[in-house]
Structure formats: structure tokens, C-alpha cells
Amino acid sequence: MKEFKNIREKLDRLEKTYRSMTDGGKTASYIPELADVNPRLFSISATSVGGESFSSGDSDTLFSMQSISKVVSLAFALERFGAERVFKKVGMEPCAEPFNSIMKLEISSNIPLNPFINSGAITVASLIAEDLGGDAIDAVLEFASLCAGRRPENKLSVNEKIRESEASTADRNWALAYFMHSTGALTHTVKDSLDLYFSMCSIEANTVDLSFIGATIANGGLSASGVRVISLDTVYILIGLMSTCGLYNGSGEFAVRVGLPAKSGVCGGILCTVPGRMGISVFSPPLDERGNSVAGVKALGALSREMKLRGL
Ligand code: GLN
């Protein structure tokens, strides 16, 4: 692919430049297992819509997807229930508050603003959990693995240690879920909804996997091997919400600096999609105060400019 000319050299250069450019960012301390991650880790991967993939840095390192899983759970729910049913439970507007804020739920609307903040992702999880019961996480893992182009014998899985660490320090998420249950925004049980939500946040992947998911979205929902994994209608919704809500209350600044549909997580990963062209993922654990990877945003900004990923 012509635009992948010299890509290895470009990714190597970004790795060298940005690995330590973390500007005093901190790993997510509210989840003990994440606080202990090596802050010096860095990896970046790019995968074309045709499945050519290149990486630099620690691209074998697996990390929990955290909020990046919200892209997968939304896509799964849209495919299974259709947009009408999903958007009865969750809105499609950006949120200017932190990702785990409870405030807007009380003062503005009954349903969460969008599926990429915690409250919205918990309602999406509750839809899936209510429908699939104990089979829910396996079905989501199967779907995520297809999007990531993983072979059936090498499927994505949940890191149980991280799941437990997260579940034991999740007062905020319990508060959000109970609040939504009290207003009727969440109709399924709080416990089962959160069980699935924590499991999905703890799905492990590396930047290669995430760049393949980005490439599947960039390819209109066809995986690199040409299999339809996501419908085009769902892809349009993902692109719209990733562009406007993907980096929480940092989405506006990211749109200016990078200008691509993306989703971040407190793991320090970012999944990015360049429609029609490629998927990109970067991982560097230190976060800014909004929960986005400091070096990750910088590296993506540089790559976006260098490869004219905005089209200009
Ligand atoms: N598991 C995290 C939480 O629920 C996900 C948040 C995130 O990545 N921003 O708090």
C-alpha cells in the first residue's frame, strides 16, 4: 500500500520521540492493578484496511481495554438490538463532565448523555446482560475477537486480576448504576449489569489488536480478511460518536490536535480509525487529568499531520 511507504521508520521515530514525553502524567491510581503498570511502556501500531500491519515499541504487551471496550460493547449492542432500542437507553451527545460524573444524570436528562462515558456504557452493558445472561461476556469476546482479526484458537480474554481489582474499587460505578436504577434508566439488575461492564473493561488486547479493530471500522465493518463483522449503519454511528465523544471531556481538544475518530481508556490506550484507510492504536500509561494518554495524544497528532490523515 502506497501510503504505508516508510511506515516502519515513521512509527520507530514516534516511539523514540514520545515514549518519555509524558509531561508528568500519572497512571490510573483508582484501579490498583493499573497504578502498578510500568509508565515507560509505549507502543504504536497501524493496520491498513487490507490488513497490512506495522508496529513499534512494546506491541506484544497486553493491557486491559478499559473504556476502549465501550466501542466494542456499543457495536455489539447496535448489531444485536438495533439503533432504535439502544438509543432509547442512551443519548448521542458529548459530555463536558468527567467520564464517571453523576451530575448530568440528575440535572439534565434521565438517560446518560452518550455510550462512551461510564453511565452510558453501563446501560449498554445492562441491555446485553439482560438479553444474554451468563453467556454475555463470551458473546462479546467472540465479537471483539472477530473485529480484531484474532484466530478462533487465539481469542481475546478477560484478565481476572484486573477485573477483581476494578470491581473492588468501583464505588463510583456502583453509585452511577444504583442512581440509574432508581430513576428507571437502568432496568436490569445493578449487579449483573456491572459484572458485565467490569469484565468488558478488563478484556486484554495489545495495540496490534486495537489497530485491527480500527481498521475493521475504517473498512466499513469488513475485517481484513473480508468478513462482514459490523454493518455499515453501525460503523457510521461509531465514527460519529468516536469523533464527538471518544476522549470524554477532552474530545474537543483531541479533534483539534488529531482530528480523527478515536476512543481512549484509562489503561493509556487509544484506538483510532481513519475511514477508508487504516486503524491506528497507541499505548502509553501516563494519563492527563481527563484520563487520556499524554504521549498517546501527542504521537497521534504527529502521525495525523505527517501522513495527512485528515485528508489535508
Ligand atoms: N473501567 C474504568 C471505569 O469504569 C473505565 C474508565 C475509563 O477507561 N475511562 O472507571
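The structure presented is a predicted model; accordingly, all values stated were derived computationally and were not measured. Counting starts at 1 for both ligands and their atoms, following the listed order.
The residues Asp195 and Lys191 are annotated as salt-bridged, a charged nitrogen and a carboxylate oxygen being separated by less than 4.0 angstrom. For Glu93 and Lys104, the salt-bridge test fails: no basic side-chain N is under 4.0 Å from an acidic carboxylate O. Under 4.0 Å is where a charged nitrogen must lie from a carboxylate oxygen, and between Arg19 and Asp58 at least one such pair does.
Neither side chain, Thr17 nor Lys298, offers a donor N or O lying under 3.5 Å from an acceptor on the other. Asn118 and Asn100 form no side-chain donor-acceptor contact under 3.5 Å, judged by distance and modelled atom types alone.
Closer than 4.0 angstrom to ligand 1 lie heavy atoms from Tyr30, Gln66, Ser67, Lys70, Phe99, Asn118, Glu166, Asn173, Tyr197, Cys201, Tyr248, Gly265, Val266.
Around CZ of Arg305, the count of heavy atoms belonging to other residues, nucleotides or ligands within 6.0 Å does not exceed 12.
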